[in-house]
Amino acid sequence: MPELPEVETIRAQLEPRVVGRRIERLEVADPLLTAPEDPEAVAQVVRGAVISGVGRRGKYLEIMFRSGDSMAVHLRMTGRLHWRSGPPADGEERYLRALVLLDDGATITFGDARRFGRLWHVASGVDRTSYWNTRVGVEPLSPQFTADRLAGALAGRRVAIKPALLNQRIVAGLGNMYVDEALYAACVHPTRPAGELEGDEIRALHRAIRDRLKVAIRAGGASIDTYRDGLGQAGRMQTLLRVHLHEGEACRRCGATIVKTVVAQRGTYWCPQCQPDPFGMVPEPSRRRPRRIRQGVQG
DNA sequence: ATTTTCCCCTGCCGGC
DNA sequence: TGCCGGCAGGGGAAAA
């Protein structure tokens, strides 16, 4: 599931390869990709556009054009962007939803098994700062993201810290995996009410979020299930996860057994000893066998 | 306003 | 072995 580090990895790989290139054509194979916009309308706008940069805001990618227009992309669950120096081989992208042809012969494929991914056009007149700010909150790796700012965003909230961190308007770019990792690193239980965290917990969490995201970017993202980077390669972060997907294994800090529960409708991994439950509840051990980490079975 | 639930999709896995 | 229900989760809409 592409989260901030995965999207940033793709962004960093795409940018040097596509800046200055002209888009010859955008072929949308699945109308759902641009819904509710008409694929032809998007293709029309994008045709002939010269790429000036590739940006990222949270988990959103933005391919910007000299005209001031841009093409925004969200990979959601299983979306992939893959740059190639030439056309993709036949059947190379099993779940092809769109194909971008560039003037140097290179291509970008948008593949997406689950079809949750979206691609749309952002008009030149739209102010980018406010456009993105209405959708996502502070960038966790920016200087604006401070412990104080995090405390302010969580203050007064009764919702559990896990769904609070999953809320893109509170902090941009965190998903299920990195929230688990950050909460574990900060020794904060996932169901602790967000507004009740102590100052030192907030500081630990702030630090943990930044640290885990930076490590993940350095590792090129985590290839669990379907994620691939912008060149079709697997990341390495899946080997560096400390708690997510580690159900039944010993906690590396205290030796207790990592458990998996459901928090906010999301599978949640945590250490019952390092991340003490606010109500002192003992987790029900799952009887199901832990899911194995599958590293890329999809074509 | 905030929080919770549901839904979209499809591939894969576990259970029978 | 094959079928099938359930699960996975980002984000938006709707409901509470």
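Please read these numbers as outputs of a predicted model, since none were measured by experiment.
In this model, the phosphate group of C/dG11 is not approached by any side-chain N or O of A/Tyr60 to a distance below 4.0 Å at OP1 or OP2. An OP1 or OP2 oxygen of B/dT5 is reached within less than 4.0 angstrom by a side-chain nitrogen or oxygen of A/Gln265. Residue A/His74 has a polar side-chain atom (N or O) positioned under 4.0 Å from OP1 or OP2 of C/dG11. One finds a side-chain N or O of A/Lys260 lying less than 4.0 angstrom from the OP1 or OP2 phosphate oxygen of C/dA8. Put simply, A/Arg76 has no side-chain N or O that comes within less than 4.0 Å of OP1 or OP2 on C/dG11.
A distance of about 14 Å separates the P atoms of C/dG6 and B/dC7, rounded to the whole Å. Across the P atoms, C/dA14 and B/dC9 are found 15 Å apart, a figure rounded to whole Å. Between C/dG11 and B/dC12, the two C1' atoms lie 23 Å apart (nearest whole Å). Going from the P atom of B/dC6 to that of C/dC7 covers 13 Å, rounded to whole Å.
For the residue pair A/Tyr269 and A/Glu249, no side-chain donor N or O sits within less than 3.5 Å of a side-chain acceptor on the partner. Judged by distance alone, the side chains of A/Thr109 and A/Arg84 do bring a donor and an acceptor atom under 3.5 Å apart. Judged purely by distance below 3.5 Å, without hydrogens or angles, the side chains of A/Arg114 and A/Thr226 never pair a donor atom with an acceptor atom. Of the N and O atoms on the side chains of A/Thr146 and A/Asp148, not one donor lies less than 3.5 Å from an acceptor on the other residue.
Rounded to the nearest 0.5 Å, atoms CD1 (A/Ile63) and CG (A/Leu119) are 7.5 Å apart. The CD1 atom of A/Ile258 lies 9.5 Å from the CZ atom of A/Arg252; values are rounded to the nearest 0.5 Å.
Using a cut-off of 4.0 Å between Lys/Arg side-chain N and Asp/Glu carboxylate O, A/Asp180 and A/Arg242 are scored as not salt-bridged. Here A/Glu3 does not pair with A/Lys59 in a salt bridge; the nearest charged N to carboxylate O distance is not below 4.0 Å.
A/Asn167 places its CG atom 10 Å from the C1' atom of B/dT2, with the value rounded to the nearest Å. In this structure, A/Ile224 atom CD1 and C/dC7 atom C1' are separated by 16 Å, rounded to whole Å. With rounding to whole Å, A/Arg56 atom CZ is found 16 Å from C/dG10 atom P. If you measure from atom CG of A/Asp112 to atom P of B/dC8, you get 16 Å, rounded to the nearest angstrom. In this structure, CZ of A/Arg94 is placed 7 Å from P of B/dG11, rounded to the nearest angstrom. Rounded to a whole Å, the CD atom of A/Gln168 is 16 Å from the P atom of B/dT3. The distance from atom CG of A/Asp30 to atom P of B/dC9 is 9 Å, rounded to the nearest whole Å. Across the protein-nucleic acid pair, A/Leu75 atom CG and B/dC9 atom C1' stand 16 Å apart, rounded to whole Å.
You'll find that the side chain of A/Leu166 is closest to C/dG10, out of C/dG10, C/dG12, B/dC9. Among the nucleotides B/dC9, B/dG11, C/dG10, the one closest to the side chain of A/Asn176 is C/dG10.
Here A/Leu32 lies in heavy-atom contact (under 4.0 Å) with sugar-phosphate atoms only. In this structure, A/Arg114 reaches the bases: a heavy-atom distance under 4.0 Å links it to at least one base atom across the strands shown.
Here the side chains of A/Asp112 and A/Met77 are not in contact, with every heavy-atom distance at 4.5 Å or above.
For the pair A/Arg17 and A/Trp83, the distance from NZ or CZ to the six-membered ring centre is under 6.0 Å and the angle to the ring normal is within 45 degrees.
Of the residues in residues 144-160 of chain A, those lying under 4.0 Å from DNA chain B by heavy-atom distance are A/Arg157, A/Arg158, A/Val159.
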Reading DNA chain B 5' to 3', how would its secondary structure be written in dot-bracket notation, given Watson-Crick and G-U pairs with both distances under 3.5 Å, brackets [ ] for crossing pairs and | for partners on other strands? .|||||||.|||||||
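Of the residues listed (A/Arg135, A/Arg128, A/Arg56), the one engaging A/Glu62 in a salt bridge (charged side-chain N to carboxylate O under 4.0 Å, His left out) is A/Arg128, and it is the only one.
Each of A/Arg266 and A/Pro163 has a nearest nucleotide on DNA chain B; the 5'-most of these lies closest to A/Pro163.
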